[in-house]
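Index from 1, following the sequence. Heavy atoms only: backbone and side chains are in, while hydrogens, waters and symmetry mates are out. In this text, all values refer to a predicted model and were calculated from it rather than measured experimentally.
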Amino acid sequence: MKRLAALFAYCLISALATAQEAQALPPGVYLLPPHFYPGDLVELHISLPGAGPSSYGEIPPPAPESDYEIVKVVHESSGKQASLVLFFIPWKSGSIDFLPYMLKGLSSPGLRLHVKSLLSDSEPRLQGMRGFIFLRGTKSFVAFLISGISALILLAWAFLSFFYPLLQRRIKLQLSRRPYRRYLHQTRILRKRLNAGDEAYFYALLSAAFRSWASARLFQDFSSLTAGELAQGGLSGSRFSQALGEDSACVAAILKRADMVRFADLASSRHEREEDLGSLTRVVDGMEANRA
């Protein structure tokens, strides 16, 4: 019976030893990160029994080993708990023996740690490309944007095809009517000055208004023709003379009288001024009606 009890005790101790050897880390000890590679900075946290007042202090690290190097040792104490933190860098992959140390009365247990290898590590290091991210409302926004751009292009095409030619014709028409509107504006001023005593100024305005209109409608040299040239048939070769016919002599006579009143002090009554203004206005209106 004694031998049987001894054999049972031996088997139990062997099983406990095997279980202890298979255990990776003892209680109160953990690593950050749990899995690491050569060259990584790893934290080894060791819980210590008993604790004093709260404190934090660094302890000089021991000499480096061939398989690893302890770069920093920190002792932390907070009331009821205390811990020893060792910062180390492994230099090789596989199993390394972390030797026990006694540092200022604080002991670290001996451990066997496993350092992963980049060559033998079968776990995927890179993740595949993720799918497209569709934000809510993106399709509607893109659809509205395309519709808006298409509408703007359509409006631009319609403007260039239809409205722009109409606008050009409208501007051209307004420019073509400018000499006639300017002459009508001058005649309104002249009608207000029929009763004024300054006859020379009246005929100066009348001659300038008609010559400006004729220069814009017929030829630019019309303003340079004198009353004598007009009386001698200076308009015989122009479109104006051909269009007026019998009225060319009347126009020449009015412009000659205007020069005589201005430069020769020829007297002029209100009736003559009104009749000359009406005659030139009738000629201009007739020419503009034929142009239209």
Side-chain angles (χ1 to χ4, degrees), residues 152 154-292:
L152 289 177
L154 183 61
L155 290 176
W157 175 80
F159 177 78
L160 293 176
S161 301
F162 301 101
F163 298 104
Y164 184 67
L166 292 176
L167 181 62
Q168 278 188 323
R169 287 195 294 269
R170 182 66 179 176
I171 294 175
K172 187 176 181 180
L173 181 62
Q174 293 294 330
L175 292 176
S176 65
R177 291 178 177 176
R178 181 176 296 176
Y180 182 52
R181 290 201 303 268
R182 185 183 297 117
Y183 177 81
L184 294 180
H185 176 69
Q186 294 293 333
T187 57
R188 287 193 293 269
I189 298 177
L190 290 171
R191 293 186 187 281
K192 295 178 181 180
R193 300 187 61 88
L194 285 173
N195 296 323
D198 193 356
E199 302 170 358
Y201 183 70
F202 174 85
Y203 275 103
L205 292 180
L206 179 61
S207 177
F210 185 82
R211 288 176 180 275
S212 176
W213 172 85
S215 298
R217 286 288 184 256
L218 304 176
F219 53 92
Q220 294 182 355
D221 294 339
F222 183 86
S223 297
S224 62
L225 294 177
T226 63
E229 293 172 342
L230 293 175
Q232 295 174 4
L235 301 177
S236 60
S238 65
R239 288 188 310 167
F240 179 73
S241 178
Q242 297 174 1
L244 284 180
E246 297 178 356
D247 292 335
S248 60
C250 177
V251 171
I254 294 174
L255 295 179
K256 183 178 180 180
R257 183 163 45 252
D259 290 344
M260 294 296 291
V261 173
R262 293 170 59 192
F263 303 113
D265 294 334
L266 180 67
S268 174
S269 64
R270 183 187 186 284
H271 177 72
E272 290 179 343
R273 293 193 297 272
E274 186 176 6
E275 186 176 357
D276 291 341
L277 177 61
S279 298
L280 291 182
T281 303
R282 176 180 53 81
V283 172
V284 172
D285 292 340
M287 290 291 296
E288 292 293 333
N290 292 333
R291 292 186 70 255

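- Atoms CZ and NE2, on Arg181 and His185 in that order, are 12.0 Å from each other to the nearest 0.5 Å.
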- For the pair Arg182 and Arg178, evaluate side-chain contact (heavy atoms from CB on, under 4.5 Å) and give the outcome as yes or no after the intermediate values. CA-CA 6 Å; Arg182 185 183 297 117; Arg178 181 176 296 176; 3.4 Å; yes
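- Of all heavy-atom pairs between Arg262 and Ala200, the closest is CG-O, 3.6 Å.
- A distance of 8.5 Å separates OH of Tyr201 from CG of Leu190, quoted to the nearest 0.5 Å.
- Taken to the nearest 0.5 Å, the CG atom of Leu152 stands 14.0 Å off from the CZ atom of Phe159.
- Between the side chain of Ser215 and the main chain of Arg211, a donor-acceptor pair closer than 3.5 Å is present.
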- Item | Worked check of side-chain contact (heavy atoms from CB on, under 4.5 Å) between Gln168 and Ile171 | CA-CA 5 Å; Gln168 278 188 323; Ile171 294 175; 5.9 Å; no
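- The distance from atom CZ of Phe202 to atom CD1 of Ile189, rounded to the nearest 0.5 Å, is 12.0 Å.
- Rounded to the nearest 0.5 angstrom, Glu288 CD and Leu184 CG are separated by 8.0 Å.
- In this structure, CG in Leu166 is found 4.5 Å from CZ in Arg169, a value given to the nearest 0.5 Å.
- Counting heavy atoms of neighbouring residues, nucleotides and ligands inside a 6.0 Å radius, atom CZ of Arg170 does not exceed 12 of them.
- In this structure, Leu255 and Ser207 approach most closely via the heavy-atom pair CD2-OG, 4.1 Å.
- The two residues Ser161 and Pro165 come nearest to each other via the heavy atoms O-CG, 3.6 Å.
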Please table the atom pairs, donor to acceptor, closer than 3.5 Å between any side-chain atom in residues 273-287 and protein atoms at least two apart or in another chain.
unit_1, atom_1, unit_2, atom_2, d
Arg273, NE, Leu194, O, 3.4
Arg273, NH1, Ser268, O, 2.9
Arg273, NH2, Leu194, O, 2.6
Glu274, OE1, Arg270, NH1, 2.9
Asp276, OD1, Arg257, NH2, 2.7
Asp276, OD2, Tyr203, OH, 2.7
Asp276, OD2, Arg257, NE, 3.0
Asp276, OD2, Arg257, NH2, 3.2
Ser279, OG, Glu275, O, 2.9
Thr281, OG1, Tyr183, OH, 3.3
Thr281, OG1, Leu277, O, 2.7
Asp285, OD1, Tyr180, OH, 2.6

